[in-house]
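Below is one structure, written out as structure tokens, with a few remarks after it.
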Amino acid sequence: MADFATLALVSAGLGAAKEVVGAAQAGRRASAEAAAQTNAVAQQLQQQALAAQIEERRRQEQLRRERAQRLARFGAQGLAASDGSPEAVLGGLTAESARQGAESMRQRSLAMSGSLLDLADRNRLTLLRAAEAREKAALGVAGDAFGAWRDLSKRNSPLSRGGYDFGSAGRGPGGVRSGGGYFFGP
């Protein structure tokens, strides 16, 4: 009987260790997944920043070319760049380019914020799943330990040897109510 009890405890202990190791592995996988997601988003944000710099340089070069073309046309017409109408046109070009640059910056900022929020949500979900796996493992360990204890206590209880039944709610053999609420075995 003692050998069975030892075997049951060892078996429960091995099952518990297996669940704990599984939960630890799930935690490591979740951390690695969160780090990989973070790295991927960081790389994506770096690419977006580089694309933004290229776009800004392109926009500035286009503004310079447009201003030079307009100045050349005005000069061909005999108008000085400092006269009212050419100055207003060139100022309008500069203002339009600045407006486009600000709009582009706002859109990139929103896209980056969205990427960061998505990353935070994915990392929270990944870590939540890892925590859930750890909790399930802990509950499994507790359940295994309780099951082993219950099995051992059933084998060693007075009922298994024909003894006392304190849980019969005052009922004797065949469900007949006995006096005092306790039934003392045969």
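Count residues from 1 along the sequence.
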Remaining members of L45's ILVMFWY cluster at a side-chain heavy-atom cut-off under 4.5 Å? V41, M112, L116, L119
Apart from L50 itself, residues in the same hydrophobic cluster as defined by side-chain heavy atoms under 4.5 Å: I54
I'd like to know if the side chain of S97 and the backbone of L93 have a donor-acceptor N/O pair within less than 3.5 Å. no
Backbone of Q100 reached by a side-chain donor or acceptor of S104 within 3.5 Å: no
By the salt bridge (charged side-chain N to carboxylate O under 4.0 Å, His left out) test, which pairs, at least two apart or in different chains, include something from residues 107-121? D121-R124
Sequence neighbours left out, what pairs pass side chain to side chain donor-acceptor pair (under 3.5 Å) with at least one residue falling in residues 43-55? E55-R58
Could I get the full list of salt bridge (charged side-chain N to carboxylate O under 4.0 Å, His left out) partners for E61, not counting sequence neighbours? none
Quick one: list whatever passes salt bridge (charged side-chain N to carboxylate O under 4.0 Å, His left out) with R59, sequence neighbours left out. E56
side-chain hydrogen bond (donor to acceptor under 3.5 Å, both in side chains) partners for [X], two or more places apart:
X: E66; result: R70
X: T94; result: R67
X: Q77; result: none
X: S115; result: none

Drop me the distance from L63's CG to Q60's CD, to the nearest 0.5 angstrom. 6.0 Å
Mind checking side-chain contact (heavy atoms from CB on, under 4.5 Å) for R99 and listing every partner two or more places apart, or none if nothing turns up? E96
